[in-house]
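Reviewing the structure listed below.
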Amino acid sequence: MSEALKGVKILDFTHVQSGPTCTQLLAWFGADVIKVERPGTGDITRGQLQDIPNVDSLYFTMLNHNKRSITIDTKNKTGMEILERLVKTCDVLVENFAPGAMDRMGLTWERIHELNPRMIYASIKGFGPGPYESCKVYENIAQCTGGSASTTGFRDGPPLVTGAQIGDSGTGLHLALGIVTALYHRTHSGKGQRVTCAMQDGVLNLARVKLRDQQRLAHGPLTEYSQYGEGIPFGDATPRAGNDSGGGQPGRILKCKGWETDPNAYIYFITQAPVWAEICEVIGEPDWAEHPDYATPKARLPRLNEIFARIEQWTMTLDKLEAMEILNKYDIPCGPILSMKELAEDQSLRETGTIVEVPHPTRGAYLTVGNPIKLSASPAKVERSPLLGEHTDEILTSVLGYSADDVVAIKASGATEPKRKAAE
Ligand code: CAO
């Protein structure tokens, strides 16, 4: 068993969520991720949404597993010298600063390529080249500008953002694929390259079925959308589809027993065509299996509200997990709405390492999501996130070869620690 990315050194300039998601994935696969942080404060998320005073937040700890932390002031002359040594030593540099920040530090692509022609230089920005390229972007902005928000929610309500962080974590995933692709390319070209991912592009990629629907609109109504059955005309852009399923198999979220008090007593139910007869039997409408108004997917499309109302009469008599158990016997695709509490307590997710309990020296044990990508020969170990600057000395000496005297001089220069005020 060996770690798949063992031996790959990543110079990690990422902060907040999108970039850290990417480097965390690479670290889980065994890359040595050296996170560069600003002396004194570090990644801003260390102090955001803190649940325990003066302890690294879960926001930070859950995005920075398996990394080492070195503090370097990039605006200090000695700090920049250290960074340039790191550039020469590492295989990949990853950053997600605001547009222009790396250039202002002096770390342009040209400079990095000059220092290390094998370096892969990977960046996340909000937008690609164009009118918005200099804008700062956070998660929800990407969801709005990438086409997700305009197509999420109910037709008669405002656009909605989703809880899944498709702008940040989604783009981090895209970037990680770009990096390993560039690493593979380097094995035969010998050269590094620039890898960029715009959050708008990443979200649009994940919302591609909605661009599909945009083009279908030119040829008639979107018959699987509820509004078709309701006789409501379509406009000129892909509408919000509520909980209608995105594919050709109509689905809905339906109430289950207890929905009046439990916000998650619901199940997603798909009226998959191959099991239509079984659905009719389960819900107590055996005649619908052959009835011309219901027997074919085409006949059902204008009647989806009526059909799902009848199915819901049945699901409301059952707990969501009981309903799932019955439906599974008939191979009817369905899924209970699981709360974060239920997921946190799910034993099977713990057994696969998808939910992991991690010890931490200042906060104690906490739950995190482990690596969702499982490699058979290279299982990932989830280790706690580093404390701020925890590995500064270790990296200076063992990675960069500075002597103990050098380290004393570096510290005195203010390159790795906030400068002490005269009175201190
Ligand atoms: N030492 C000294 N200075 C440092 C430093 C260090 N170790 N690390 C960073 N800095 C400085 C940079 O040099 C830069 O300073 P200047 O602007 O003076 O050149 C500044 O910190 C960089 O910060 P930023 O502008 O990136 O940070 P911000 O908090 O203002 O913006 C964000 C945050 C996320 C909006 C912006 O970074 C961004 O748009 N990133 C790209 C898109 C992205 O990834 N967004 C997702 C974030 S998660 O929702």
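Note that these values count all heavy atoms, side chains included, but never hydrogens, waters or copies made by symmetry. Nothing fancy with the numbering, it's 1 onward along the sequence. Whatever order the structure lists ligands and atoms in, that order sets their numbers, starting from 1.
Looking at Lys75, Glu95, Arg104, it is Arg104 that brings a heavy atom closest to atom 19 (O) of ligand 1. Residue nearest to atom 7 (N) of ligand 1, selected from Val16, Thr45, Ile72: Ile72 (by heavy-atom distance). Considering Phe13, Phe127, Tyr138 only, the shortest heavy-atom separation from atom 29 (O) of ligand 1 involves Tyr138.
Atoms of ligand 1 found under 4.0 Å from any heavy atom of Glu139 (numbered from 1 in listed order, with element): 49 (O). Using a 4.0 Å cut-off to heavy atoms of Glu37, the atoms of ligand 1 that qualify are 7 (N). Taking every non-hydrogen atom of Ile124 and a distance limit under 4.0 Å, the qualifying atoms of ligand 1 come out as 41 (C), 44 (O). Ligand 1 places these atoms under 4.0 Å from at least one heavy atom of Met105: 9 (C), 12 (C), 13 (O). Shown in contact with Asp73 at under 4.0 Å from a heavy atom are these atoms of ligand 1, numbered in order with element: 1 (N), 2 (C).
Not close to ligand 1: Gln165, with no non-hydrogen atom less than 4.0 angstrom away. For the ligand labelled ligand 1, residue Gly19 lies outside the 4.0 Å heavy-atom shell.
Remark: minimum distance from atom 45 (N) of ligand 1 to any protein heavy atom is reached at Val137 O, 2.7 Å. What sits closest to atom 25 (O) of ligand 1 on the protein, heavy atoms only, is Ala98 CB, 3.3 Å. Protein heavy atom at the shortest distance from atom 40 (N) of ligand 1 is Asn96 O, 2.9 Å. Annotation: atom 27 (O) of ligand 1 to nearest protein heavy atom, His15 CE1, 3.7 Å. Nearest protein heavy-atom neighbour of atom 30 (O) of ligand 1: Lys136 NZ, 2.5 Å. Scanning the protein for heavy atoms near atom 8 (N) of ligand 1, the closest one is Phe97 CZ, 3.6 Å. Looking only at protein heavy atoms, the nearest one to atom 5 (C) of ligand 1 is Thr74 OG1, 3.8 Å. Nearest protein heavy-atom contact of atom 21 (O) of ligand 1 is Arg38 NH2, 2.8 Å.
Residue Tyr132 places its OH atom among 12 or fewer non-hydrogen atoms of other residues, nucleotides or ligands, all under 6.0 Å distant.
For ligand 1, the polar-atom distance check finds no N/O of Lys125 at less than 3.5 Å from any of the ligand's N/O atoms. Backbone and side-chain nitrogen or oxygen atoms of Met199 are examined, and none is located within less than 3.5 angstrom of a nitrogen or oxygen of ligand 1. By the 3.5 Å distance cut-off applied to N or O atoms, Gln17 is not counted among the residues near ligand 1.
Geometrically, Arg104 does not engage Phe97 in a cation-pi contact, judged by NZ or CZ lying under 6.0 Å from the ring centre and within 45° of the ring axis. Figure legend: Arg240 and Phe154 shown without cation-pi pairing, the cationic atom not lying both under 6.0 angstrom from the six-membered ring centre and within 45 degrees of its axis.
Residues Asn64 and Lys35 are in side-chain contact: their nearest non-hydrogen atoms beyond the backbone lie under 4.5 Å apart. With a 4.5 Å cut-off on side-chain heavy atoms, Phe60 and Asp43 count as touching. Taking the side chain as every heavy atom from C-beta outward, Ile120 and Val195 approach each other to under 4.5 Å. When side chains are defined from C-beta on, Val161 does not count as touching Thr152, because their heavy atoms never get closer than 4.5 Å.
One distance of note links CD1 of Ile311 with CD1 of Ile270; it measures 11.0 Å at 0.5 Å rounding. For the atom pair CE (Met324) and CG (Leu318), the distance works out to 13.5 Å, reported to the nearest 0.5 Å. Between the OG atom of Ser189 and the NE2 atom of His185 there is a distance of 4.0 Å, given to the nearest 0.5 Å.
Using a 4.0 Å cut-off between heavy atoms, Asp168 contacts ligand 1 through its side chain alone, with no backbone atom that close.
Arg216 and Asp213 are joined by a salt bridge, as a carboxylate oxygen and a charged side-chain nitrogen come within less than 4.0 angstrom of each other. Ion pairing between Glu345 and Lys341 holds under the 4.0 Å rule for side-chain N and carboxylate O.
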Test Asp32 against Lys67 for salt bridge (charged side-chain N to carboxylate O under 4.0 Å, His left out), laying out the working first. CA-CA 7 Å; Asp32 180 8; Lys67 304 182 186 177; over 6 Å; no
